[in-house]
There are 2 protein chains.
Amino acid sequence: MTEPRNGSNADVTTSEGIDTQVIEAFLGYSARRASLVILANFVRRMAPLALRPVDFTVLALAGSNPGITSSQLCQLLDIQSPNLVVLIKQLQDRGLIERRPHPTDGRAMGLHLTASGQGLVDQATTLAHEADDEASGKLSAAERQTLARLLRKVYQ
Amino acid sequence: MTEPRNGSNADVTTSEGIDTQVIEAFLGYSARRASLVILANFVRRMAPLALRPVDFTVLALAGSNPGITSSQLCQLLDIQSPNLVVLIKQLQDRGLIERRPHPTDGRAMGLHLTASGQGLVDQATTLAHEADDEASGKLSAAERQTLARLLRKVYQ
DNA sequence: TATTGTTATACTCTATAACTATA
DNA sequence: TATAGTTATAGAGTATAACAATA
């Protein structure tokens, strides 16, 4: 008697009678589907502030790390630098961040939140927590913490 | 004493001294990062068979559900039908699947694996399990099952 | 009237090549 | 020589509109 690889006795057949067991057995499938659900909810909740997930991430990091550089963000977030240029320019045009010369490296520019940017990040953080709570609404608090811990363990 | 929202006492500061706590507190961030790591590993492992994750998913579902239709795949996988048309055409051109008229619905076409397609799916399934095991190598077997269960709970 | 599948197309996201200024 | 940042562009992924055939 082989145990199902997904470690569950849950019904993996849809109401239409499609057998999805073969794909739900894979972590990659479940991780991607869950990620898309959570992200879609985030985007919907954050729509009033017109912030994409990556925008919020950059703003939040700039808030916690004044003077953070583009190259640091690229390395941390796995973003290609040419793509980050556009993103930063947009945040700058919206008056949310400022770029100041790096104190010791003449090539680099440090990112700093403006007062307006700080205010938006504060609002966005509240919304993001609400979105997260909603997306993980089917989980208990303990399950949510476990999920977060296991996910970090995978990508770190 | 407020417990950190991410439910961890782990060091959330990178070696460069960047404070990432503010973003790692969010399930959306961790889920996306983990998903990308797992998917990238999958793509690398599956490269010899030239199958993208979505290709493997469709082939595997066609294998488990002979005669499955495009509309069923669209609904199940959250794919827009125009995009699925191209995908199926490619799999058909590679001789991996056949499309046969639906027995009762004259509009629909059922998908069926060819012998060649079944052989490729078998190889791909082995590779996919290896990829999954590698991507979750930092997790114990119990943790892996827990993660899979919690992810399904989020997106189902 | 609704649904399946299709074509064409636009939009977003991501990746690469080549360049400058500085380390 | 290597790195930070930039420009231009290509590619992949995803979404929308409009249509024909069938339910």
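Keep in mind that this is a model prediction, so the values were computed, not measured. Order of the sequence lines sets the chain letters (A, B, ...), proteins ahead of strands, with each chain counted from 1.
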- prompt: With Leu49(A), which residues qualify under side-chain contact (heavy atoms from CB on, under 4.5 Å), at least two apart?
  reply: Met46(A), Leu51(A), Leu120(A), Gln123(A), Ala124(A), Leu127(A)

Atom-pair distance (CG on Leu77(B); P on dG13(D)), nearest Å: 15 Å

- prompt: Using a cut-off of 4.0 Å between protein heavy atoms and nucleotide atoms, how would you tag nucleotides 15-23 of chain C 5' to 3' with B, S and -?
  reply: BBB---BBS

- prompt: When rounded to the nearest 0.5 angstrom, what is the spacing between CG in Leu91(A) and CD1 in Ile97(A)?
  reply: 4.5 Å

Nearest-Å distance for atom pair CG/P, residues Leu84(A) and dT12(C): 18 Å

- request: For Leu36(A) and dC13(C), give me the distance from atom CG to atom P, rounded to whole Å.
  value: 13 Å

- request: Calculate the interatomic distance between Leu73(B) atom CG and dT4(C) atom C1'; express it in whole Å.
  value: 13 Å

message: Between Ser30(B) and Ala148(A) (side chain of the first, backbone of the second, donor and acceptor by atom type, cut-off under 3.5 Å), is there such a pair?
response: no

message: Could you tell me how far apart Ile68(B) (CD1) and dT4(C) (P) are, to the nearest whole angstrom?
response: 13 Å

task: For Thr114(A) and Leu96(A), indicate whether the former's side chain and the latter's backbone hold a donor-acceptor pair under 3.5 Å.
output: yes

- prompt: With side chains defined as the heavy atoms from C-beta onward, is the minimum distance between Gln72(A) and Gln75(A) less than 4.5 Å?
  reply: no

statement: So CD1 of Ile18(B) and CD1 of Ile68(A): to nearest 0.5 Å the spacing works out to 4.0 Å

field: Nucleic acid contacts - residues 86-103 of chain A versus DNA chain D, non-hydrogen atoms under 4.0 Å
entry: Lys89(A), Arg99(A)

- prompt: With a 4.0 Å cut-off, would you call Glu24(B) and Arg33(B) a salt bridge?
  reply: no

- request: Kindly assign one of parallel, tilted or perpendicular to the pair Phe42(A) and Phe56(A), based on the angle between their ring planes and the thresholds 30° and 60°.
  value: tilted

- prompt: Between Thr69(B) and dT4(C), does any side-chain N or O lie under 4.0 Å from OP1 or OP2?
  reply: no

- prompt: CE of Met109(B) versus P of dT6(C): gap in Å, rounded?
  reply: 8 Å

- prompt: Ignoring hydrogens and geometry, is there a side-chain-to-backbone donor-acceptor pair from Asp132(B) to Gly28(A) under 3.5 Å?
  reply: yes

Rounded distance (Å) that lies between atom P of dC11(C) and atom CZ of Arg52(A): 16 Å

field: Atom pair distance, as rounded to whole Å: CG in Leu39(A) and C1' in dT12(C)
entry: 14 Å

